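Each remark here refers to the structure printed beneath this line.
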Amino acid sequence: MQIRDDWFAVVNPHSANGSTRKRWPLYLKRLRDEGFNIDFEYTSRPGDAILITQKALLNGCTHIISAGGDGTMNEVVNGFFLEGQLINPQAELAVFSHGTGCDFIRTLQISKGIEGFVNVLKQGRIQKVDVGEVQFYDDNGLKLHRYFLNVADVGLGGETVARVNRQSKFLGGKLSFLIGSILSILRYRNKVMSCEIDGKLSCNGRLNSIMVANGRYIGGGMMIAPHAEINDGFFDVVVLGNFSTWTILRHIPKIYRGTHLKIPGVSVQRGRSVVITSAEKILLDIDGEQPGQGPIQFKLNPSILRLWG
């Protein structure tokens with residue numbers, strides 16, 4: 001059998017509500033039967049995937065697999081960087097999405113499951129994609145820094161993700177996020193926020209949410225930024241205005257379909273840098289994780305990461 005490229009997989013055994021640990025040996029056998037030479041390491045705590053990825057790249061690995069949810073993917077992407085630079089600009093990432101939301105692969109139009117991932121590796125299609133970079137703060141006022149591939153959400157989304165990640169996800173991604181979204185919408189109060197795009201004031205006032213999108217989907221299948229492209233050199237910044245609880249609930253089906261952009265009070269702009277501030281506490285969601293709060297600064301790094309798919 002022909003042995004294909006050597007791969008190193010960073011596996012989150014707790015993803016998909018813990019089912020990844022049980023299924024990973026079967027997936028690994030399937031990949032090795034296809035001729036892919038794969039080594040791997042399990043994560044054991046938040047932040048592990050960053051350190052494991054950095055160690056693998058520093059040890060000379062050039063093909064990395066993220067095996068877990070969108071949060072695992074986010075950590076793996078952060079592991080490609082060290083001190084603000086790519087460890088190896090020629091290193092490549094493949095995303096085996098096995099988590100709650102699986103939102104990023106929707107933009108890539110990759111099927112969920114092992115067969116969809118095997119097809120990605122067999123096709124060998126590699127593209128250079130944009131990577132978002134964000135600075136924000138933790139609860140103690142410490143400034144933090146992260147990279148992301150998919151979507152960052154300031155406002156309702158941050159509170160929704162914090163709620164979903166605190167509860168069991170045994171109902172699956174879409175239903176878990178839908179229930180979490182509805183509970184958050186019922187309790188959420190819109191925030192007074194200011195948003196600058198490329199140095200110019202875009203909006204200022206009481207808003208529901210501001211999404212800074214590289215990919216298209218959030219929340220287990222909501223097409224929040226239907227025109228976003230991961231390799232066009234721009235964020236799509238989607239702003240939801242001062243909507244009432246009932247208005248948001250009524251329009252959830254449109255958000256899943258990506259037809260919400262025509263709703264009065266929804267706006268979309270494009271840019272390479274975004275600054276969001278508020279006198280209130282505003283929570284940040286990055287790729288399905290809730291790592292901190294505002295004030296928040298974004299910038300886009302165009303065509304910097306080599307991605308399979």
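The figures that follow rest on heavy atoms only: side chains count, while hydrogens, waters and symmetry mates do not. Predicted model only: the values in this text are computed from it and were never measured.
Between the side chain of Gln123 and the main chain of Gly309, no donor-acceptor pair closer than 3.5 Å is present. Distance alone, capped at 3.5 Å, places no donor-acceptor pair between the Gln135 side chain and the Leu144 backbone. In this structure, Ser15 contributes its side chain and Thr20 its backbone to no donor-acceptor pair below 3.5 Å. In this structure, the side chain of Thr43 does not engage the main chain of Ala49 through any donor-acceptor pair within 3.5 Å.
Put simply, CH2 on Trp308 and CG on Leu93 are 11.0 Å apart, with the number rounded to the nearest 0.5 Å. To the nearest 0.5 Å, atoms NE2 (His260) and CD1 (Ile224) are separated by 4.0 Å. Interatomic distance, CZ of Arg257 versus CE of Met222, reported as 12.5 Å (0.5 Å rounding). Between the CZ atom in Arg125 and the CG atom in Leu307 there is a gap of 10.0 Å [rounded to 0.5 Å]. Interatomic distance, Met193 CE to Ser209 OG, rounded to the nearest 0.5 Å: 6.0 Å. Within the model, atoms CG of Asn150 and CG of Leu108 stand 9.0 Å from one another, a figure rounded to the nearest 0.5 Å.
With sequence neighbours excluded, the residues that form a salt bridge (charged side-chain N to carboxylate O under 4.0 Å, His left out) with Lys55 are Glu41. Residues forming a side chain to side chain donor-acceptor pair (under 3.5 Å) with His63 (at least two apart in sequence, or on another chain): Glu92. Residues passing the ring-ring contact (aromatic ring centres under 6.0 Å, His included) test with Phe234, sequence neighbours excluded: none. Under the rule for a ring-ring contact (aromatic ring centres under 6.0 Å, His included), Tyr217 has no partner lying at least two apart in sequence or in another chain. Residues forming a side chain to side chain donor-acceptor pair (under 3.5 Å) with Asn59 (at least two apart in sequence, or on another chain): none. A search for side chain to side chain contact (heavy atoms under 4.5 Å, CB included) contacts involving Gln90 returns Asn88, Arg306, not counting sequence neighbours. Lys128 is linked by a salt bridge (charged side-chain N to carboxylate O under 4.0 Å, His left out) to nothing, counting only residues two or more places apart in sequence or in another chain. For Arg45, the salt bridge (charged side-chain N to carboxylate O under 4.0 Å, His left out) partners two or more places apart in sequence, or in a different chain, are Asp48.
A heavy-atom distance below 4.5 Å is found between the side chains of Leu284 and Val154. Between His98 and Arg23 the shortest side-chain heavy-atom distance falls below 4.5 Å. Between Phe104 and Asp287, the closest side-chain pair of non-hydrogen atoms is not below 4.5 Å. Looking only at side-chain heavy atoms (C-beta outward), Phe96 and Val11 stay at 4.5 Å or farther from each other. In this structure, the side chains of Asp139 and Lys281 come closer than 4.5 Å at one or more pairs of heavy atoms.
We find that Arg270 and Asp198 are not joined by a salt bridge, their nearest charged nitrogen and carboxylate oxygen being 4.0 Å or further apart. Ionic pairing of Arg30 and Asp33 is not present here: no N-O contact between side-chain nitrogen and carboxylate oxygen is shorter than 4.0 angstrom.
Judged by the 6.0 Å and 45° rule, Arg146 forms no cation-pi pair with Phe136.
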Give every donor-acceptor pair under 3.5 Å between a side-chain atom in residues 296-303 and any protein atom, sequence neighbours left out.
| unit_1 | atom_1 | unit_2 | atom_2 | d |
| --- | --- | --- | --- | --- |
| Asn301 | ND2 | Val131 | O | 3.4 |
| Asn301 | ND2 | Glu133 | OE1 | 3.0 |

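Among residue pairs with one or both ends in residues 183-215, none qualify as ring pair (Phe, Tyr, Trp, His ring centres under 6.0 Å); sequence neighbours excluded. Within the structure, every pair that satisfies the side-chain hydrogen bond (donor to acceptor under 3.5 Å, both in side chains) test and touches residues 75-86, not counting sequence neighbours, is listed here: Asn74-Asn78.
In this pair, Phe40 and Trp24 present their aromatic rings perpendicular. The plane angle is above 60°, beyond the 30 to 60° band.
Exactly one of Thr277, Leu207, Ile276 qualifies for a side-chain contact (heavy atoms from CB on, under 4.5 Å) with Ile282. That residue is Ile276.
Heavy atoms of other residues, nucleotides or ligands lying less than 6.0 angstrom from CD of Glu115 number more than 12.
Chaining together hydrophobic side chains whose heavy atoms lie under 4.5 Å apart leaves Val275 on its own.
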Tell me, with the steps shown, if Leu149 and Leu305 meet side-chain contact (heavy atoms from CB on, under 4.5 Å). CA-CA 10 Å; Leu149 273 186; Leu305 182 67; 4.1 Å; yes

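Residues Tyr27 and Phe117 keep their aromatic ring centres 6.0 Å or farther apart.
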